[in-house]
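This report refers to the structure that appears directly beneath it.
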There are 2 protein chains.
Amino acid sequence: MQTRTLDQLETPALLLEEPRMERNIARMRSQLQRLGVVFRPHVKTNKSIDVTRRLLPDGPGPITVSTLLEADYFAGHGFTDILYAVCIAPNKLAHVAALQDRGVRLTLILDNMAAVQALAAERERSGRSFDVLIEVDCDGHRSGVKPDSALLLELGRALEAAGIPVKGVLTHAGSSYDCKTVDAIREVAEQERSLTVRAAERLRAAGFACPVVSIGSTPTALFAQHLEGVTEVRAGVFVFFDLVMAGLGVCSVDDVALSVLGTVIGHRPDKGWTLIDAGWMAMSRDRGTASQAVDQGYGIVCDADGRPIDDLIVVGANQEHGIIGHRSGKVDGALQLPVGTQVRILPNHACSTAAQYPRYQVLQGGRGVAATWDRFSGW
Amino acid sequence: MQTRTLDQLETPALLLEEPRMERNIARMRSQLQRLGVVFRPHVKTNKSIDVTRRLLPDGPGPITVSTLLEADYFAGHGFTDILYAVCIAPNKLAHVAALQDRGVRLTLILDNMAAVQALAAERERSGRSFDVLIEVDCDGHRSGVKPDSALLLELGRALEAAGIPVKGVLTHAGSSYDCKTVDAIREVAEQERSLTVRAAERLRAAGFACPVVSIGSTPTALFAQHLEGVTEVRAGVFVFFDLVMAGLGVCSVDDVALSVLGTVIGHRPDKGWTLIDAGWMAMSRDRGTASQAVDQGYGIVCDADGRPIDDLIVVGANQEHGIIGHRSGKVDGALQLPVGTQVRILPNHACSTAAQYPRYQVLQGGRGVAATWDRFSGW
């Protein structure tokens, strides 16, 4: 049921092209079906029950979260199989217990002995059990233990000694975001797979069941050639895609399902600027394309139907002002947009831009707003 | 009344040191009293009635907003003299009317003939009156008309012809954020003052009353030598200050009243990294110090009492992971913080970091949380 059109929205507003999103979801689902692994979508990008229902149309399934607030929210919508993919901090165990008491099977991750000790102490105190994956570092980009390290087995032994079975291993190939070619992504994907499987095999050889091998990132998930030994894949940003992903060659600009609707509020003809009411608060401060071959500023400028206009990008931003200019820096060419014109800006990074908004305005191809979907932020 | 201590907060959390904030407010108030101008604080930084009440302890006074949602919120708390400091877009006039109908005297700004025409048409249609300032460009950084331009007078004539009096002129010396020395800030402040006063004088010479001359930015407000001809000053970020302001020499690191509380969740001894549960979602993606003499990464790392630790900064960030390392890049020295340790990160930019949170946890010097103040985001 179409209730409003774009020109009735006060700007800035966050737009979601549902047909593009459905295409992105179908692409990932088809790839993971071919690879024969369980899909555990990461909901940190969307933070919305409406989007997540489209990721898992058969009802609440396995999901990945980045905060315990996400776990709370999705638990409230009937999700019980939730993986919290940030190493557990001791001061979050009371919150974990509250989620368990609501019927959530919350899987935790860790990469250090202090976290094992905190879980062991909590198990000793309360008798609670925990589902734990050991985080493995497959590319040196962040956290995790090396797959060949002594620490991997020490953590396994310490967990089991405390009565906490080693449920499996997990990694995130964050370095895939820094690849320059699709071939490089394929290589990172195989490295992610092989090192994580190797860690699981070492734990199994030491006598631990270690049934779960969880990997994930949008680029590696889409370009993995095979996933032998992997049991599940996590990915989140693919649902919307963004300019960083397009710059990586993972998708095309036409796949980006998220955009920010802004309105032209003025011009600076001497500088070739068109000013809009969508600044960095509306786009986020994310400048992820700055380190890529093509720097998209704060985003690509499209008309209200979503078609990129000439070579216009948002060249600068203040809190509530965006400055549109020509990618080349040329001074004329940016002046064909009268005051009051609505434009749509494709974002660098879907996760950070979406986080600036309390809701999605959902489009189904035209300028009609078909639905409004709430989303949340914070912790 | 102290209800909780820091170690009872789930992290990340946004901390506000009230004594520092009060000191920052007193400094600005004293400066503007000396300069003999009205203070119209910008509430876009704080978006909180509790903070704004401390800015204006004598009751609802003049304020500046960056969004109409801010105007709505503060109108709901009894504020009636509100300046919306972004050029008005035609599609926001219905919202403006709704605010007027609630008893708000909302001052609008514009810098182009299309906006005048939209206001004139609305006045013609509804008989409404508008309070309008013409935005003046004092430094080429964003919007506004040149103080010497023909357009300035044309806008004045078109407004008055439509029955809308020219209430005044307004500028924002955004270039003050790019200064390298305090002397340079003083120069920008005098340029901001003199060019805006000149614009007002030209309008008055053309027969328009133009009673208001409104300028503002935290650096220029604090370092202006005199403000002859100016009637009011707007500033917002001074209330909290941040590392960008400290890098400018406008305040010291000890003046920064806002910090993010995070918890250590792991280590990478081979890289000299300490991982915390406060990533870019907790800090914002703002890297404002990257272009200053001292790049603070995603922020300066302090202990739970707010004292900077050695030379530790947040050298990298993922969505929910912050990576603490030594400023120098040296590998040892970051490892003295055990898992579970709480740290406080001073932010690059108070406006963008605060925007990531639904509330402030208010401290009064120690580790006790004296109060929780709500804040809002969005449009």
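In the text below, chain A, chain B and the rest are named by the order of the sequence lines, each starting its count at 1. No hydrogens, no waters, no symmetry mates; every other heavy atom, side chains included, goes into these values.
With chain B as the partner, the residue from A:Val339, A:Leu9, A:Asp286 showing the most heavy-atom pairs under 4.5 Å is A:Asp286. Taking chain B as the reference chain and counting heavy-atom pairs below 4.5 Å, the highest number among A:Gly174, A:Gly140, A:Pro90 is found for A:Gly140. By number of non-hydrogen pairs under 4.5 angstrom with chain A, the leading residue of B:Ala118, B:Ser143, B:Gly340 is B:Ser143. Per-residue counts of heavy-atom pairs under 4.5 Å with chain B were compared for A:Gly279, A:Cys351, A:Gly288; the largest is that of A:Cys351. Your options are B:Ala13, B:Gly316, B:Gly378, B:Ala282, and the one with the most heavy-atom pairs under 4.5 Å with chain A is B:Ala282. Put simply, of A:Ser352, A:Ser377, A:Ala114, the one with the most heavy-atom pairs under 4.5 Å next to chain B is A:Ser352. Your options are A:Asp7, A:Asp137, A:Val145, A:Ile88, and the one with the most heavy-atom pairs under 4.5 Å with chain B is A:Asp137. Options B:His95, B:Gln117, B:Gln319 differ in how many heavy-atom pairs under 4.5 Å they form with chain A, and the most are formed by B:Gln319.
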Is there a side chain to side chain contact (heavy atoms under 4.5 Å, CB included) between B:Asn91 and A:Gln342? Walk through the geometry before answering. CA-CA 10 Å; B:Asn91 62 5; A:Gln342 288 186 328; 3.8 Å; yes
After noting the C-alpha distance and the side-chain angles of A:Arg287 and B:Arg285, does the key distance pass the side chain to side chain contact (heavy atoms under 4.5 Å, CB included) rule? CA-CA 8 Å; A:Arg287 289 279 291 102; B:Arg285 269 291 194 194; over 6 Å; no
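Side-chain contact between A:Phe376 and B:Pro358 is absent, with no heavy atoms from C-beta onward closer than 4.5 Å. In this structure the side chain of B:Lys92 reaches within 4.5 angstrom of the side chain of A:Thr11, judged on heavy atoms. Side-chain contact between B:Asn318 and A:His172: absent, with no pair of heavy atoms (C-beta onward) separated by less than 4.5 Å.
Only the side chain of A:Lys271 comes within contact range of chain B, with heavy atoms under 4.5 Å apart. There is no contact between A:Ser284 and chain B, counting heavy-atom distances below 4.5 Å. Only the side chain of B:Lys146 has a heavy atom closer than 4.5 Å to any heavy atom of chain A. Heavy atoms of A:His349 lying under 4.5 Å from chain B belong exclusively to its side chain.
The closest donor-acceptor contact from the side chain of B:Asn112 to the backbone of A:Ile265 lies under 3.5 Å.
Here the shortest heavy-atom pairing between B:His321 and A:Ala85 reads CE1-O, 4.1 Å.
Screening A:Glu320, A:Gln356, A:Glu10 against B:Trp379 for a side-chain hydrogen bond (donor to acceptor under 3.5 Å, both in side chains) leaves a single residue, A:Glu320.
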